[in-house]
Amino acid sequence: MDTPGPAEDPAKLRAALLRAMPMSRMLDYGMDHADAVHLAGAAVSEPWHEVATRLAEAQSTRAAAAADRGDVETAVACYRRATACLVFAQMAFNTDLPAKRALYVRLLQAYQAAAELDTELHVERLSIPFRQSHCTAWFVSPSGARPGPAVVVVGGQSGWGPAFHRQAEALARRGLSAVLFEAPGQGDTRMAGGLHLDKSVDRAFSAGLDAVRARTGYDGRFGVWGNSFGGLLAARAAVHDSRFGACCVNGAHARPEPLPFRTAREQSRALLGVETDDVAAAVFRTLWLDPAVDRMSAAMLVLHGGNDPLVGLEQQKVFLDLSEHHTLRVWDDGDHTVYNHSAERTEFVCDWFRDRLRRG
């Protein structure tokens, strides 16, 4: 949500921000509970991004003090919590205003600071050549261990890369590696690399696999896990690259259209680098999947929240028909991408990836 104009009702703006960023999502992305409560309950008159930034600064101050004392574990945890605060600070802006860009740089700096101190996880930033520029990704694996099968994790229109560190951590605890991938149209790939989403995105995922293979020597099957709109990107990647042996779609449309509310429309245009909803709809149609012609050899897992206000179950079932080996898991009271059951959801998916990829 971009900075409101003088006629915009601050209370309505705050309500819209909370719909897009509920506490369940804040906790899923790694915010401290007290920080999430503070941000959700902040006064209407306080700009969302300023409150979230102050919370990040407090966590970063704690991190620096802990590092000076030699309390490395605390420092890493605080830098990661600062990263999560900055994820939600930058999310207050739907388009790439200077404030959003600056906040995203700070987000990546906090995540890098944690990576440099972490003795349990190896976290390495990757710059993956693609088209005339590059895609940014983070390779996460157990420290000191030979990298196991890797799962590419991708977000949607507003949550990217480091926002999914908890999923990467859970994969690493199971002996897998993770690639927190920022596809064209997302995060640093868009704001620094200048790449927007189009139908060539499938090749970006393949370039990511090439980079991981060159980095690790791993030559087996990969997984791909897409959250929200990223579920469509994950499925497309598995359709177009047979190196993917397992695919998880969490809360996505197989045939997306621009959604009718302002936040989603603005995010869609920013993702695609277009100016109008009509052009956005035309680009989206080039990304649609059709089980009659689009097939994958990968196993498919589809997650659905019964209370998801954005994606219906019938829209998700299309993904099941892309693979002969498919599983559907529904949380009847689950919200979008099952934020409100994040621990159970993440454990279920990571166990599934371990089973599928180790079997292969």
Side-chain angles (χ1 to χ4, degrees), residues 1-5 8 12-22 25-26 28-29 47-49 52 84 86-104 107 135-136 153-164 181-199 201 204 226-234 236 249-288 308-311 315 335-337 339:
M1 185 74 62
D2 289 345
T3 302
E8 189 157 10
K12 290 183 178 180
L13 175 62
R14 170 67 62 159
L17 289 166
L18 278 170
R19 283 194 298 272
M21 295 175 275
R25 187 178 187 182
M26 298 181 205
D28 188 12
Y29 283 12
W48 178 282
H49 69 285
L86 289 164
V87 166
F88 290 100
Q90 64 84 31
M91 216 181 288
F93 304 97
N94 293 324
T95 59
D96 297 341
L97 299 176
K100 184 182 184 74
R101 293 176 182 273
L103 287 167
Y104 212 80
L107 181 165
C135 295
T136 295
V153 182
V154 63
Q157 294 196 162
S158 60
W160 312 302
F164 300 100
F181 187 63
E182 298 194 327
Q186 299 180 331
D188 193 62
T189 298
R190 179 176 96 204
M191 286 183 268
L195 295 176
H196 290 88
L197 181 66
D198 60 26
K199 63 182 179 181
V201 66
N227 298 285
S228 191
F229 182 84
L232 171 64
L233 305 185
R236 287 188 60 89
V249 173
N250 180 23
H253 289 269
R255 297 163 186 160
E257 298 275 4
L259 293 172
F261 44 92
R262 173 186 162 188
T263 296
R265 293 200 315 271
E266 290 179 348
Q267 289 175 354
S268 295
R269 294 196 297 264
L271 178 80
L272 303 172
V274 301
E275 298 296 327
T276 70
D277 293 339
D278 288 342
V279 176
V283 178
F284 276 152
R285 283 193 289 274
T286 69
L287 301 172
W288 287 5
D308 189 336
L310 303 178
V311 183
Q315 295 159 330
D335 53 18
H336 185 54
T337 71
Y339 296 131

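Given the structure is predicted, the values throughout are model-derived calculations rather than measurements.
Closest heavy-atom contact between V283 and T286: O-OG1, 2.5 Å. Pairing each heavy atom of G194 with each of H196, the nearest pair is O-ND1, 3.8 Å. For the pair L272 and L197, the tightest heavy-atom approach, listed with the atom from each and the gap, is CD2-O, 3.6 Å. In terms of heavy atoms, S228 sits closest to A252 at O-CB, 3.1 Å. Nearest heavy-atom pair, Y29 versus G159, reported as atom, atom and distance to 0.1 Å: OH-CA, 3.9 Å. Considering all non-hydrogen atoms of both residues, V201 and A183 come closest at CG2-CB, 4.2 Å.
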Handout entry: Evaluation steps, side-chain contact (heavy atoms from CB on, under 4.5 Å), between E182 and C135
Key = CA-CA 6 Å; E182 298 194 327; C135 295; over 6 Å; no
Exercise for the section: Verify side-chain contact (heavy atoms from CB on, under 4.5 Å) between L271 and Q267, making sure each step is shown before the conclusion. Expected result: CA-CA 6 Å; L271 178 80; Q267 289 175 354; over 6 Å; no
Practice task
Would you please test S268 and Q157 for side-chain hydrogen bond (donor to acceptor under 3.5 Å, both in side chains) and show each step?
Solution key: CA-CA 7 Å; S268 295; Q157 294 196 162; 2.8 Å; yes
Exercise for the section: Please report the C-alpha distance between L259 and L310 in whole Å, then the side-chain angles of each, then the deciding distance to 0.1 Å, and finally whether the side-chain contact (heavy atoms from CB on, under 4.5 Å) criterion is met. Expected result: CA-CA 9 Å; L259 293 172; L310 303 178; 4.3 Å; yes
Problem - V87 and L107: CA distance, side-chain angles, deciding distance, side-chain contact (heavy atoms from CB on, under 4.5 Å) verdict - result: CA-CA 7 Å; V87 166; L107 181 165; 3.6 Å; yes
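Between L287 and F229, some side-chain heavy-atom pair lies under the 4.5 Å cut-off. Counting heavy atoms from C-beta on, the side chains of D335 and D308 never come closer than 4.5 Å. Between F93 and L103, the closest side-chain pair of non-hydrogen atoms falls below 4.5 Å. Contact of the V154 side chain with the Q186 side chain is registered, since non-hydrogen atoms from C-beta on lie closer than 4.5 Å.
Formation of a donor-acceptor pair under 3.5 Å by the K100 side chain with backbone atoms of Q90 is found in this model. Remark: the backbone N or O of T337 is paired with a side-chain donor or acceptor of N250 at under 3.5 angstrom. Using modelled atom types, no side-chain atom of H49 and backbone atom of A99 make a donor-acceptor pair closer than 3.5 Å. With W48 contributing its side chain and A89 its backbone, the two residues share no donor-acceptor pair below 3.5 Å. Not a single donor-acceptor pair under 3.5 Å links the side chain of E266 to the backbone N or O of T95. Under a 3.5 Å cut-off, the side chain of N227 and the backbone N or O of G230 do not form any donor-acceptor pair.
Remark: R269 pairs with D277 by the side chain to side chain donor-acceptor pair (under 3.5 Å) rule, at least two apart or across chains. Under the ring pair (Phe, Tyr, Trp, His ring centres under 6.0 Å) criterion, Y104 pairs with W160, sequence neighbours left out.
Rounded to the nearest 0.5 Å, atoms NZ (K199) and CZ (R236) are 9.0 Å apart. If you take CZ on F284 and CG on L232, they are separated by 9.0 Å, rounding to the nearest 0.5 Å. In this structure, T276 OG1 and R265 CZ are separated by 11.5 Å, a value rounded to the nearest 0.5 Å. For the atom pair CE of M26 and CG of L18, the computed distance is 6.0 Å after rounding to the nearest 0.5 Å.
Applying the salt bridge (charged side-chain N to carboxylate O under 4.0 Å, His left out) definition to pairs two or more places apart or across chains, those involving residues 186-197 are D96-R190, R125-D188.
A side-chain donor from one of R25 and S158 sits under 3.5 Å from a side-chain acceptor of the other.
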